[in-house]
Amino acid sequence: MKPSLAALLLAVSAFAQTPQKIPYESDTEFLKLNYQMNLGEVLGVAVNSKGAIVVLNHPGSATTGPLYGNATTQLLEFDANGKFVRELGKGVYALGYAHSVRFDRYDNLWVVDKGTHAAMKFNPAGMVTMNLGRRPEGPDEPEYFSFRKIAQNPPKHRDGYFNGPTDVAWDANDNIYISDGYGNSRIAKMDKHGNWIKSWGSRGSGTGQFNIPHNIAIDRQGNIYVADRGNNRIQVFDGDGNYLRNIMQNVPYDKKHHPTLGDIPSNSPDETAPWALCITNTNPQYLYSIDEEPGRLYKFSLPDGKLIGYLGESGRGTGQFNWPHALACPSENTVFVADMNNWRVQKLTLHPQKEGSSGSK
């Protein structure tokens, strides 16, 4: 029996709405490094309006200790061709264990430090011009920074203070938003001068609650996208913290695929955890998100949040990801990935026009 015209149209429509694999190429040697510049864990990558690239590297301290609690942060600047330019932030007090780097629209570099509970702004000359939060003093008793303890007994929120902050973003009025983070599980909002406005959120899985808000991004309409990593969702809010909707990463995947680190979960979720976000400065804008497992980069249209396509997988080869920790998307089809546990930055070039093919190279 031949299918009816209505059935054929329905099938075509369903195929057109199904997110497709996006063909892409990966360049793991874009940055011009040498044997004296081996990267450690790369936690962040940012690109400014002139194409300059800053890499947040954790080189460790190979010959000093103790290993537990070792401070490690390096800010490396490269030009648009990947040539090393300079190291920023040497000896800056609030740099201890930085978690993210972002450029604002004025090409100021912002660094959010999970270890010192601080966020700081560097002007294009490399000078610190603003510090938010406060690093604990050296004589202070060390904090017992335990995920289990925080989950059981979340710390009290205090205006102006952060606890394990993770990322920063800005709206059209230059208001500052910080995902705060591992400890406080909230979003903090300040004006462009750093004056405290408000915060919202608490630890939990309900609407407007967070379990490690790990990344944050804002579109031109002022919608705020939060990678709520522990809850396997991207939550969307307006600038006052009013909840709008969720965006889910729920494309089917091989749940028997072995993770790069850890055991195969006995009950893998359908929705995967967003680790990092970036929004293009294009018209229209697009949201990119990436997960640890199965290690895929997702492309969403904005502001509707519709999934357009995806690419990649976890692993250690070219075009694969091992704990991808940050994204920068200077154009619609160029994405930089801070491939944290592969100790590298990958430059991805997407070819969405090549329908019907997939993979890298």
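These values consider heavy atoms only, across backbone and side chains, with no hydrogens, waters or symmetry-generated copies. Just so we're clear, the structure is a prediction, and the values are computed from it rather than from any experiment.
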>> Can you confirm whether E313 sits close enough to F321 that some side-chain heavy atom of one is under 4.5 Å from a side-chain heavy atom of the other?
In response: no
>> So does P274 get a backbone contact from the side chain of D291, meaning a donor-acceptor N/O pair under 3.5 Å?
In response: no
>> Within this structure, what is the OG1-CG distance for the pair T318 and L348, rounded to the nearest 0.5 Å?
In response: 11.0 Å
>> Give me the atom names and distance for the closest heavy-atom approach of A326 to G44.
In response: CB-CA, 3.7 Å
>> So which atom in I224 and which in G239 form the shortest heavy-atom distance, rounded to 0.1 Å?
In response: CD1-CA, 3.8 Å
> Are K189 and Y177 in a cation-pi contact, defined as NZ or CZ under 6.0 Å from the six-membered ring centre and within 45° of the axis?
Replying inline: no
>> If you compare all heavy atoms of Y24 against all heavy atoms of G319, which two are closest, and at what distance to 0.1 Å?
In response: OH-O, 2.9 Å
> Would you call the rings of W196 and F162 parallel, tilted or perpendicular if under 30° counts as parallel and over 60° as perpendicular?
Replying inline: tilted
> Side chains of V54 and F103: closer than 4.5 Å at any heavy-atom pair?
Replying inline: yes
>> Please report the interatomic distance CG(N341) to CZ(R316), rounded to the nearest 0.5 Å.
In response: 7.0 Å
> With a 4.5 Å heavy-atom cut-off, do Q74 and E87 have their side chains touching?
Replying inline: yes
> Are W323 and L39 connected in the hydrophobic side-chain network, where two residues link if heavy atoms are under 4.5 Å apart?
Replying inline: no
> Does atom CH2 of W170 have more than 12 heavy-atom neighbours, drawn from other residues, nucleotides or ligands, at distances under 6.0 Å?
Replying inline: yes
> Side chains of D219 and Q285: donor-acceptor distance under 3.5 Å anywhere?
Replying inline: no
> How far apart are the C-alpha atoms of D159 and K198, what are their side-chain angles, what is the distance that settles it, and do they pass the salt bridge (Lys or Arg N to Asp or Glu O under 4.0 Å) test?
Replying inline: CA-CA 8 Å; D159 292 356; K198 66 182 301 183; over 6 Å; no
> Under 3.5 Å, side chain of N342 to main-chain N/O of R344, donor-acceptor pair present?
Replying inline: no
>> Side chains of S314 and Q320 only: does a donor on one sit below 3.5 Å from an acceptor on the other?
In response: no
>> Nearest 0.5 angstrom please: N163 CG to N184 CG, how far?
In response: 5.0 Å
>> Under a 3.5 Å distance rule, please check whether D263 uses its side chain to pair with a backbone N or O of P265 as donor and acceptor.
In response: no
>> Taking the side chain as everything from C-beta on, heavy atoms only, tell me whether V111 gets closer than 4.5 Å to L75.
In response: yes
> Among V168, L277, I187, which one satisfies side chain to side chain contact (heavy atoms under 4.5 Å, CB included) with I216?
Replying inline: I187
>> Determine whether the aromatic ring centres of residues F78 and F336 are separated by less than 6.0 angstrom.
In response: no
> Quick one: do D171 and R220 make a salt bridge, cutoff under 4.0 Å?
Replying inline: no
> Is it true that F30 and V45 fall in one hydrophobic cluster, defined by side-chain heavy atoms closer than 4.5 Å?
Replying inline: yes
> Is there a side-chain contact between P165 and Y182, using heavy atoms and a 4.5 Å cut-off?
Replying inline: no
> Side chains of N322 and T260: is there a donor and an acceptor less than 3.5 Å apart?
Replying inline: yes
> In this structure, which one of H214, K114, H58 forms a side chain to side chain donor-acceptor pair (under 3.5 Å) with H99?
Replying inline: H214
>> Would you say E271 and N232 are linked by a side-chain donor-acceptor pair, where the criterion is simply a distance under 3.5 Å?
In response: no
> Quick one: do the N211 and R229 side chains pair a donor with an acceptor below 3.5 Å?
Replying inline: no
> Looking only at heavy atoms, which two atoms of R102 and A46 are closest? And how far apart?
Replying inline: CA-CB, 4.0 Å
> To the nearest 0.5 Å, what is the distance between CG (L109) and CG (L56)?
Replying inline: 9.5 Å
>> Looking only at the side chains, is there a donor atom on one of S26 and Q346 sitting less than 3.5 Å from an acceptor on the other?
In response: yes
>> Can you confirm whether the side chains of D113 and Y97 place a donor and an acceptor under 3.5 Å from each other?
In response: no
>> Is any side-chain heavy atom of D180 closer than 4.5 Å to one of T166?
In response: no
> Do H257 and E293 have side chains that get closer than 4.5 Å, going by heavy atoms?
Replying inline: yes
>> Check for me, please, whether L327 and M248 land in the same ILVMFWY cluster - side-chain distances under 4.5 Å, paths through other members count.
In response: no
> Closest heavy-atom contact between V236 and N223?
Replying inline: CG1-CB, 4.1 Å
>> Between S100 and D167, do the side chains contain a donor N or O and an acceptor N or O under 3.5 Å apart?
In response: yes
> Within a radius of less than 6.0 Å around NZ of K83, do more than 12 heavy atoms belonging to other residues, nucleotides or ligands occur?
Replying inline: no
>> Are T334 and K347 packed together at the side-chain level, in the sense that at least one heavy-atom pair is separated by less than 4.5 angstrom?
In response: yes
>> My understanding is that only residues two or more places apart in sequence, or in another chain, count here; which of them pass side chain to side chain contact (heavy atoms under 4.5 Å, CB included) with A94?
In response: T116, A118, M120, N131
> Given the rule that I, L, V, M, F, W and Y join up when any side-chain heavy atoms are under 4.5 Å apart, are V345 and F84 in one cluster?
Replying inline: yes
>> Please determine whether residues V55 and V337 belong to a single hydrophobic cluster, defined as Ile, Leu, Val, Met, Phe, Trp and Tyr linked transitively by side-chain heavy-atom distances below 4.5 Å.
In response: no
> Closest heavy-atom contact between V42 and A338?
Replying inline: O-CB, 3.6 Å
> For the atom pair CZ (F210) and CZ (R233), what is the distance rounded to the nearest 0.5 Å?
Replying inline: 8.0 Å
>> Tell me whether R135 forms a cation-pi arrangement with Y93, defined as NZ or CZ under 6.0 Å from the six-membered ring centre and within 45 degrees of its axis.
In response: yes
> Do T282 and E332 have side-chain N/O donor and acceptor atoms under 3.5 Å apart?
Replying inline: no
> Is R186 close enough and on-axis enough to W200, meaning under 6.0 Å and within 45°, for cation-pi?
Replying inline: no
> Around N242, counting heavy atoms of other residues, nucleotides and ligands shown, do more than 12 lie under 6.0 Å from its CG?
Replying inline: yes
> Listed by chain and number, what are the side chain to side chain donor-acceptor pair (under 3.5 Å) partners of D104, not counting sequence neighbours?
Replying inline: N108, W110
